[in-house]
Every structure is written in C-alpha cells, then in structure tokens.
Amino acid sequence: MPVLADGAATTGTRPAPVAGPVGAYHETLGQRARWRIAHLLRFSWMPRRGWLIAAILLTPALVMRLFTSVYPFLNTAWLSFTDASPMNDGTHVVGLRNYQNVLTGAVPRQAIVFTIVFALLSTLAELGLGMALALLLNAPFRLRALARAVALIPWAIPAIVTALGFRFMFADGFGIIPDLLHHVGVNFHWLTSPTGAKAAVIAANVWRSVPFIALVILAGLQGIPPEVHQAARMDGAGALRTLRSIVVPLVAPLLVTMGVFMLIFQIGTFDIILGMTGGGPGTATQVLSYLAYQDAFVGLDYGPASAMAMLLFALVAVVGLGALWLFRKVEVDL
C-alpha cells in the first residue's frame with residue numbers, strides 16, 4: 001500500500017490529526033498540505049527510499065530516451081536554422097532560409113505534394129483491400145489456416161526486396177506486367193513515365209502492406225460474437241446489409257487506428273522508392289524523406305535536410321492531431 005513520506009498510509013482518507021506538542025502539530029499541518037496536493041494531482045507520496053529506488057531504475061531508460069530521441073530532435077531543429085555542412089568553413093545561422101528554400105523550390109514542393117498523395121492513396125487502398133482480405137480469411141473454408149499463413153508472406157519480405165522485385169516486374173521490355181498488358185492490347189511505359197512510375201510505387205507499397213492490415217482487422221472480426229450475425233440473419237439482413245450496418249461500425253475504431261498508423265508510417269517511408277525508381281524518372285517519385293536523405297548523406301548539406309525533417313515532423317503532427325479528433329468522433333458516433 002503506498003505511504004506518505006512520513007509513513008502515513010494513503011488509503012483514500014485524510015490522516016487523523018496527531019495530538020502532541022507544537023512541533024508535532026506543525027508536522028501534521030505539513031502532512032495535511034502534502035495530502036491535499038497529492039489528492040489534487042492524483043498521485044501518492046512515496047518514502048524517500050522509494051523515490052531513490054525509482055530514480056535508480058528509471059535513470060537508464062530516461063538517459064537512453066534522452067540521447068536517442070530528445071537530443072537528435074533538438075539537434076535537427078537547430079541544424080535546420082544553419083548552413084551546417086562538412087564542406088563549409090564553420091557553421092553559420094541562416095534563420096528561416098532553409099525553410100524558405102524548401103517551401104519555394106520546385107523540387108521540394110513537388111516532393112511534398114507526392115508525399116501526401118503517396119501516403120493518402122496507399123492508406124486508402126490498403127484499408128479497402130485489407131478489409132476485403134480480412135473478410136475472405138474470416139470466412140469458413142478448407143485450408144483456411146494455410147491461406148492465412150500464405151497471405152502474410154508479402155509483409156515478411158523486406159521492403160527493399162519488394163522494391164527490386166517490382167522494379168523488374170514493371171520494367172519495359174522484359175517485365176511480366178507490361179508483357180501481360182501487351183497481350184490484351186495495353187502498351188504503357190511504367191517506370192519511364194512520371195504517372196506510371198507513381199502508380200507503380202504506390203501499387204508495390206500497397207501490395208506489401210495489405211496483409212498486415214488484413215491480419216489486424218481479422219483479429220477484430222473474430223472478436224465479433226457469432227450471436228450478432230445470427231440475430232442479423234433472423235432479422236432478414238443480407239450479407240451486404242450486415243457488413244454495412246454491423247461489421248463496419250464494430251471495426252471502425254480499428255480501421256481508424258490502422259489508417260492513422262499507416263498514414264504516419266508512410267509519410268516518412270522511402271525504401272520502396274529508393275529500390276524501385278530512385279526518385280525518377282527525373283524527380284517524379286521523390287518524397288520529402290528521400291529528398292532529405294539525398295541532401296544529408298549524398299550532398300552532405302545538413303541544413304536543408306534538417307529543415308525537410310522538421311517539415312515532415314510538422315506534417316506527422318498535423319496528421320496525428322487530425323486522427324485523434326477523428327478517432328474521438330468515431331467513438332462518440334458509436
């Protein structure tokens with residue numbers, strides 16, 4: 001049971017006054033003050049030895065978090081206001097110039113637009129196809145367990161391997177996808193056309209992520225009691241009506257959660273693009289994270305790269321806040 005620093009138990013009631021000399025009376029007043037503060041702040045006082053043990057146990061995790069998250073973030077924010085580069089003679093503060101160059105430059109603006117398009121279209125397609133695949137895997141049929149295991153294979157393949165595989169599949173001349181489309185009278189240059197390259201990288205990203213979303217939604221579908229489906233059938237509801245009026249509302253919080261997770265994750269992804277197109281043709285498929293990677297590790301220009309990273313953080317923060325509002329709205333509606 002938690003205790004106060006002077007040994008009084010925190011049982012949810014105020015400690016009884018202690019009769020005695022003036023010193024004891026003043027000590028009781030301090031005890032009352034601490035009790036009121038603890039009650040208002042919703043925590044209990046611990047013995048001094050307990051605080052010491054807690055500090056010793058928490059310090060390694062706090063230090064690790066400080067040097068792996070807080071310090072890199074603050075350092076990146078600082079570098080975004082400088083012209084830091086190994087090729088420069090020292091580091092100079094340039095103010096908002098890096099942000100201005102990113103927001104007004106043609107290539108960075110194009111990368112920002114495609115970042116948003118890539119994340120939105122990928123997330124919408126993944127949620128729709130993931131829901132369809134989850135419904136299929138939830139239906140009773142023979143070898144269902146094997147089908148569920150096979151469906152996870154795309155998610156188990158490393159992203160760079162997926163990118164290289166789709167690069168060969170979409171390649172002109174010998175790719176299997178252009179060859180199959182050629183037999184039905186469709187001739188299209190996928191990786192050499194800006195529109196085709198964008199569609200190709202989105203398709204590869206969706207193919208890889210759909211099984212993961214399907215597995216999560218499948219867990220939600222299995223949590224729906226069978227009695228709910230039986231009651232719907234007894235009321236004369238068909239499969240589509242049951243899906244629209246019962247299944248989708250019950251898994252809606254899960255869909256919102258997965259949508260937010262994938263949206264935030266895909267805003268910062270660039271491995272598929274790195275392996276498939278390298279940002280080409282030209283700069284058609286460059287996303288902001290890939291452009292920041294190029295500036296930081298190829299061009300060694302840390303200032304603009306840090307500014308792009310901070311803009312990515314701001315974009316993720318906006319998406320996260322919007323998603324939090326949407327999630328609360330879904331909960332209220334349900």
Side-chain angles (χ1 to χ4, degrees), residues 69 71-124 159-160 163 167 170 189-206 262-323:
S69 296
Y71 170 73
F73 176 81
L74 295 178
N75 189 51
T76 301
W78 162 250
L79 291 177
S80 67
F81 297 104
T82 67
D83 61 351
S85 175
M87 298 178 292
N88 293 340
D89 185 14
T91 300
H92 306 90
V93 177
V94 296
L96 298 175
R97 190 178 69 186
N98 291 326
Y99 291 95
Q100 182 180 1
N101 293 337
V102 171
L103 295 175
T104 59
V107 174
R109 281 192 302 173
Q110 181 183 359
I112 292 174
V113 172
F114 184 62
T115 299
I116 298 174
V117 171
F118 176 82
L120 283 177
L121 293 184
S122 295
T123 301
L124 291 176
I160 193 65
R167 179 178 180 177
F170 279 105
H189 302 286
W190 290 93
L191 299 183
T192 56
S193 165
T195 303
K198 292 177 181 178
V201 295
I202 291 175
N205 186 54
V206 169
M262 297 306 299
L263 191 61
I264 293 176
F265 174 76
Q266 288 166 154
I267 285 176
T269 190
F270 71 96
D271 42 11
I272 291 287
I273 293 172
L274 176 66
M276 277 192 69
T277 63
T283 59
T285 58
Q286 283 191 354
V287 291
L288 200 57
S289 57
Y290 180 78
L291 197 58
Y293 163 80
Q294 290 285 332
D295 280 358
F297 299 105
V298 179
L300 299 179
D301 202 355
Y302 301 145
S306 299
M308 295 178 196
M310 296 308 297
L311 288 176
L312 274 175
F313 169 77
L315 186 59
V316 169
V318 170
V319 171
L321 292 175

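Shown here for Met276 and Ala204, the closest heavy-atom pair between the two residues is SD-CB, 3.5 Å. Scanning both residues, Pro194 and Pro281, for their nearest heavy atoms gives N-CG, 3.8 Å. In terms of heavy atoms, Gln266 sits closest to Ser122 at NE2-CB, 3.7 Å. For Ala307 against Val102, the heavy-atom pair with the smallest separation is CB-CG2, 4.4 Å.
With sequence neighbours excluded, no residue satisfies side-chain contact (heavy atoms from CB on, under 4.5 Å) with Pro72. Residues that satisfy the side-chain contact (heavy atoms from CB on, under 4.5 Å) test with Leu263, not counting sequence neighbours, are Ala119, Leu120, Thr123, Val319. Qualifying ring-ring contact (aromatic ring centres under 6.0 Å, His included) partners for Phe265, counting only residues two or more places apart in sequence or in other chains: none. Checked against ring-ring contact (aromatic ring centres under 6.0 Å, His included), Phe313 has the following partners two or more places apart in sequence or in another chain: Phe73. Not counting sequence neighbours, Ser193 has no partner by the side chain to side chain donor-acceptor pair (under 3.5 Å) test. Legend: residues meeting side-chain contact (heavy atoms from CB on, under 4.5 Å) with Leu103, ordered by chain and number and at least two apart, are Ile112, Leu311. In this view, Ser289 satisfies the side chain to side chain donor-acceptor pair (under 3.5 Å) rule with no residue, not counting sequence neighbours. Under the side-chain contact (heavy atoms from CB on, under 4.5 Å) criterion, Ala203 pairs with no residue, sequence neighbours left out.
Note on residues 295-305: no pairs pass side-chain hydrogen bond (donor to acceptor under 3.5 Å, both in side chains), not counting sequence neighbours. Each side-chain hydrogen bond (donor to acceptor under 3.5 Å, both in side chains) pair with one or both residues in residues 105-119, not counting sequence neighbours, appears once here: Gln110-Thr283. Residue pairs meeting the side-chain hydrogen bond (donor to acceptor under 3.5 Å, both in side chains) criterion with at least one member in residues 94-106, sequence neighbours excluded: Ser80-Tyr99.
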The test is side-chain hydrogen bond (donor to acceptor under 3.5 Å, both in side chains); show your working for Thr76 and Ser306 and say whether it passes. CA-CA 5 Å; Thr76 301; Ser306 299; 5.1 Å; no
Working for side-chain contact (heavy atoms from CB on, under 4.5 Å), residues Phe118 and Leu288: CA-CA 11 Å; Phe118 176 82; Leu288 200 57; over 6 Å; no
Show your working on side-chain hydrogen bond (donor to acceptor under 3.5 Å, both in side chains) between Asp271 and Thr269 and close with a plain yes or no. CA-CA 6 Å; Asp271 42 11; Thr269 190; 2.9 Å; yes
side-chain contact (heavy atoms from CB on, under 4.5 Å) evaluation trace for Val93 with Trp78: CA-CA 9 Å; Val93 177; Trp78 162 250; 3.6 Å; yes
Test log, rule side-chain contact (heavy atoms from CB on, under 4.5 Å), inputs Phe114 and Lys198: CA-CA 9 Å; Phe114 184 62; Lys198 292 177 181 178; 3.4 Å; yes
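Between the side chain of Asp83 and the backbone N or O of Thr91 there is no donor-acceptor pair closer than 3.5 Å.
Note that CZ of Phe81 and CE of Met310 are 7.5 Å apart. Values are rounded to the nearest 0.5 Å. Taking OG1 of Thr195 as the reference point, atom CH2 of Trp190 lies at 10.5 Å (rounded to 0.5 Å). Expressed to the nearest 0.5 Å, how far CD1 of Ile116 lies from CD1 of Ile267 amounts to 7.5 Å.
The closest side-chain heavy-atom distance from Phe170 to Thr192 is not below 4.5 Å. Two residues are said to be in side-chain contact when any heavy atoms from C-beta on lie closer than 4.5 Å; Ile273 and Gln286 fail this criterion.
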